[in-house]
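We name chains A, B, ... by the order of the sequence lines, and we start the count at 1 in each one. Just so it is clear, the model here is predicted, and its values are computed rather than measured.
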There are 2 protein chains.
Amino acid sequence: MTGRRTSPSLASAEDPIVFVVDDDSSVRESLSSLFRSVGLRVEAFGSAHEFLQCKLPNVPSCLILDIRLPRLSGLDFQAELAKADIQIPVIFMTGHGDIPMTVRAMKAGAVDFLTKPFRDQDMLDAVTAAIERDRNSRDEAKVLSNLHELFATLTPRERQVMALVTTGLMNKQIAAEIGLAEITVKIHRGHIMRKMGAKSLPDLVRMAELLEIGPPSGQPQT
Amino acid sequence: MTGRRTSPSLASAEDPIVFVVDDDSSVRESLSSLFRSVGLRVEAFGSAHEFLQCKLPNVPSCLILDIRLPRLSGLDFQAELAKADIQIPVIFMTGHGDIPMTVRAMKAGAVDFLTKPFRDQDMLDAVTAAIERDRNSRDEAKVLSNLHELFATLTPRERQVMALVTTGLMNKQIAAEIGLAEITVKIHRGHIMRKMGAKSLPDLVRMAELLEIGPPSGQPQT
DNA sequence: GACCGGATCATACGGAGGTTTAGTCAGCCT
DNA sequence: AGGCTGACTAAACCTCCGTATGATCCGGTC
């Protein structure tokens, strides 16, 4: 579907990566060879700690986690990732997991939960789905971060005016609201459109929606 | 938080309902009395079929389902509900469930999965969360359905113009696009604003976003 | 002090948005 | 045939948007 690599044998920042965290080295090795056999890059770690040391590249990826890890349990590790604001789809695997554990993991956002022994194909299916999901969320995040970058170039006044403009107020109402002359609001408005790269007001409104911009407090007067 | 009943002893369309489907009548009865003890309305059924006969009221509710049901399994039933476009949060319970079953149920959108025997409090917590979730999704659905009602009052031409307006095109561009005079577009536009109850263009844009309105085919020319 | 960017405002002009009034035309229902 | 609605258009008119030109004021930097 998506256009892939142009230089076939040159693995780089473009290709997805599978991260494996398991304290059993034989598991790490067999998973690594499984993924490599279908052309996926793999990074394996013996502990959660080691994984966290690693700088995560900005490519579609997923994390295979044994739920029973020596120091930090898989579930706690998942919570740590969420707390540290690390967004990566997690696939759990377990030998002796129970249902409450499964439910907790799934509620916390795990994409799958495989019981050992599992079929290679099941793992590959899970990884494929997880990477696809990550690809999408990274694409969205990319768009959002570009928007935030543009928004950051606005001055405080411009940000304030943008919120009011996208609320639907007229220039003259905005002027009254914040005690300015209408012409000044128009100037700010022009700057906003240029800096944000909006080609029309609807454009700007959609950007504001994505940025979750609203008037700081209270609703606009009827 | 939310303002509840004004007439305390008069259970009616305002109160949440818990639906219980289990083939074991003693389970039905004990769950019923549990929920009633905390003031929740309950409707219990011995089979999926019976539940489907029942007309579902438009109030916050949830469904407690045993995963092992005689004719139709809980999982299949869940799939049936989705296929029939019945939106209700499902809480599974099971005596002898396994992990793959749990994963499948959670992936299909179950809000919780309790193993028998469970503590009353766990069930109540799950039900409370499920009902709260349903309340929110019903509120959103209500807003959306009101919007669709308004949108339905638009003539085909008006719908077409609305799509182009919210895309960000100017009246004259819209006119050229669909072969009309600019003045005609303005007229349609006025009708649209009135019929949709939009107080401003940003308002209309947000409605279009919710209605997922886009140009029928292709992107707007640069 | 000189310089610069943010913020402010005035005047003026052209273009876009929006309403009212008024009229034509085609299709549909009774 | 008569009545109705949707769709379309024109002319006139007003408001609002947007930009350009030119200018003042302030706070911080070199």
Checklist entry - Can you name the residues that form a salt bridge (charged side-chain N to carboxylate O under 4.0 Å, His left out) with A:Glu209, not counting sequence neighbours? => result B:Arg206

Checklist outcome for this item: Per-helix bend value, the helix from C:dG1-D:dC30 to C:dT30-D:dA1, C1' rotation axes over five pairs per end, 10° rounding, shows 30°

Next on the checklist: Can you list everything that forms a salt bridge (charged side-chain N to carboxylate O under 4.0 Å, His left out) with B:Asp125? Sequence neighbours excluded, please.
Outcome noted: none

Checklist entry - With A:Phe45, which residues qualify under ring pair (Phe, Tyr, Trp, His ring centres under 6.0 Å), at least two apart? => result A:Phe51

Item to check | Pair listing, salt bridge (charged side-chain N to carboxylate O under 4.0 Å, His left out) test, anchored in residues 48-70 of chain B, at least two apart | outcome: B:Asp66-B:Lys116

Item to check | Those residues that, when tested against A:Glu43, pass salt bridge (charged side-chain N to carboxylate O under 4.0 Å, His left out) (two or more places apart) | outcome: none

Checklist outcome for this item: 5' to 3', nucleotides 6-20 of chain C under a 4.0 Å protein heavy-atom cut-off (B base, S sugar-phosphate only, - none) gives SSSBBB----SBBBB

Item to check | Validation row: A:Cys62, A:Asp134 side chains within 4.5 angstrom (heavy atoms) | outcome: no

Checklist outcome for this item: Residues at least two apart in sequence or cross-chain that pass side chain to side chain contact (heavy atoms under 4.5 Å, CB included) with B:Leu210, listed by chain then number, are B:Leu144, B:Leu147

Checklist entry - Which two nucleotides bound the region of DNA chain D that has atoms under 4.0 Å from heavy atoms of chain B, read 5' to 3'? => result D:dG6 to D:dA11

Checklist outcome for this item: Residue set satisfying side chain to side chain donor-acceptor pair (under 3.5 Å) with B:Asp22, at least two apart, ordered chain then number -> none

Checklist entry - Partners of A:Lys107 by salt bridge (charged side-chain N to carboxylate O under 4.0 Å, His left out), sequence neighbours excluded? => result B:Asp112

Checklist outcome for this item: residues 139-163 of chain A vs salt bridge (charged side-chain N to carboxylate O under 4.0 Å, His left out), sequence neighbours excluded, gives A:Glu158-A:Lys195

